[in-house]
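Data first, discussion second: the structure below is written as structure tokens.
Computed from heavy atoms alone, side chains included, the values below leave out hydrogens, waters and symmetry copies. One-based numbering along the sequence shown.
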Amino acid sequence: MTKAPYEGAIEETAKAAGQALDIVKGGSQAIADIYGLIIGDQLHAARHRRLDAITRRTREILKERDAKSTEVPEQIAIPLLEAAQAESRSEMQELWSRLLANAIDSDRAADVRPEFIVALKKFQPLDALVLQKIKGMVQDPGVAAVDPGNLANAMQVRQSLIRVSLDSLASTGCLAAAGTNVPGYASAYRITSFGIEFLQACRE
């Protein structure tokens, strides 16, 4: 049976995870015993379960759109899978699955850049919702930027929490401060080209 293009990368990632565990265990017998009994084996198993869940979801996405697959460059496949296996939250696993599916899909592979993996690693679930909400809001006629207060009201989330999310998204390059030249929006944010393309790469 022919392997899917990403299955080799998954195997290599699993091997790398196992080698990393061996290195830790080899440092000191006492540390090895503690790490293996308390943390190591459980963590290793959990990562395999997460990776399995993400790859199963990826297959579902590709099957649903009847996508033609292409080989994924190692500079994308390996860091993507290494980061994805550390994610336990279902909503974030969905984003990793979409990013992986799009990297495999021959029609969408060009949309996925290594920088998007770095950005997604910094995301919290609220950040993804905020970014998507901003993209929708700025498409309204006459709206170029979004004020944190208006965004908090629209999403029914504390304004302080929204501001933390906005600052985090700005650090990834997905958002930028709109500046004081936006009437009525002294602390407004705008979505960047990077943010728009990030959402494109993570679309279902």
Shared ILVMFWY cluster between Leu131 and Phe194, side chains joined below 4.5 angstrom?
yes

Cluster link Val118 to Leu100, ILVMFWY, side chain under 4.5 Å:
no

More than 12 heavy atoms of other residues, nucleotides or ligands under 6.0 Å from CD of Gln200: is that the case?
yes

Ser165 side chain to Leu161 main-chain N or O, any donor-acceptor pair under 3.5 Å?
no

Residues which pass salt bridge (charged side-chain N to carboxylate O under 4.0 Å, His left out) with Arg158, listed by chain and number, not counting sequence neighbours
none

So, for Ala103 and Ala109, which heavy atoms are closest and what is the spacing to 0.1 Å?
O-CB, 3.5 Å

Check: Ala201 main-chain N/O paired with Asn102 side-chain donor or acceptor under 3.5 Å:
yes

Can you check whether Gly149's main-chain N or O pairs, donor with acceptor, with Asn153's side chain at less than 3.5 Å?
yes

Any residue meeting side chain to side chain contact (heavy atoms under 4.5 Å, CB included) with Ala67, in chain and number order, not counting sequence neighbours
Leu62, Arg65, Asp105

From Leu199 atom CG to Phe116 atom CZ, the distance as rounded to the nearest 0.5 Å
9.0 Å

Apply the test side chain to side chain contact (heavy atoms under 4.5 Å, CB included) to residues Val72 and Val112: give CA-CA distance (whole Å), side-chain angles for both, the deciding distance (0.1 Å), then the verdict.
CA-CA 10 Å; Val72 184; Val112 180; over 6 Å; no

Does the pair Asp167/Arg163 count as a salt bridge with the N-to-O cut at 4.0 Å?
no

Check against salt bridge (charged side-chain N to carboxylate O under 4.0 Å, His left out), Arg89 and Glu91:
CA-CA 6 Å; Arg89 296 164 295 186; Glu91 55 269 63; over 6 Å; no

What's the spacing between Leu80 CG and Gln85 CD if we round to 0.5 Å?
11.0 Å

Pairs touching residues 192-204 that satisfy salt bridge (charged side-chain N to carboxylate O under 4.0 Å, His left out), sequence neighbours left out
Arg57-Glu204, Arg98-Glu204, Asp111-Arg203

To the nearest 0.5 Å, what is the distance between CE (Met155) and CE (Met137)?
9.5 Å

Shared ILVMFWY cluster between Leu120 and Val164, side chains joined below 4.5 angstrom?
no

Pairing residues for Phe123 by the ring pair (Phe, Tyr, Trp, His ring centres under 6.0 Å) criterion, not counting sequence neighbours
Phe198

Assess the residue pair Thr70 and Ile104 against the criterion (side chain to side chain contact (heavy atoms under 4.5 Å, CB included)); give the C-alpha distance rounded to whole Å, side-chain angles, the decisive distance to 0.1 Å, and a yes or no.
CA-CA 5 Å; Thr70 185; Ile104 294 167; 5.8 Å; no

From CG (Leu126) to CD1 (Ile162), nearest 0.5 Å:
5.0 Å

Strictly by salt bridge (charged side-chain N to carboxylate O under 4.0 Å, His left out), give each pair with a member in residues 120-133 just once, sequence neighbours left out.
none

CA sep, side-chain torsions, deciding dist, call: Arg47, Leu51, side chain to side chain contact (heavy atoms under 4.5 Å, CB included)
CA-CA 6 Å; Arg47 285 181 172 175; Leu51 197 56; over 6 Å; no

Donor-acceptor list for residues 168-178 side chains, cut-off 3.5 Å, not counting sequence neighbours:
from, atom 1, to, atom 2, distance (Å)
Ser171, OG, Ser168, O, 2.5
Thr172, OG1, Leu169, O, 2.7
Thr172, OG1, Cys174, N, 3.3

Heavy-atom closest pair (Ile76 atom, Pro114 atom, distance to 0.1 Å) is CG1-CG, 4.0 Å

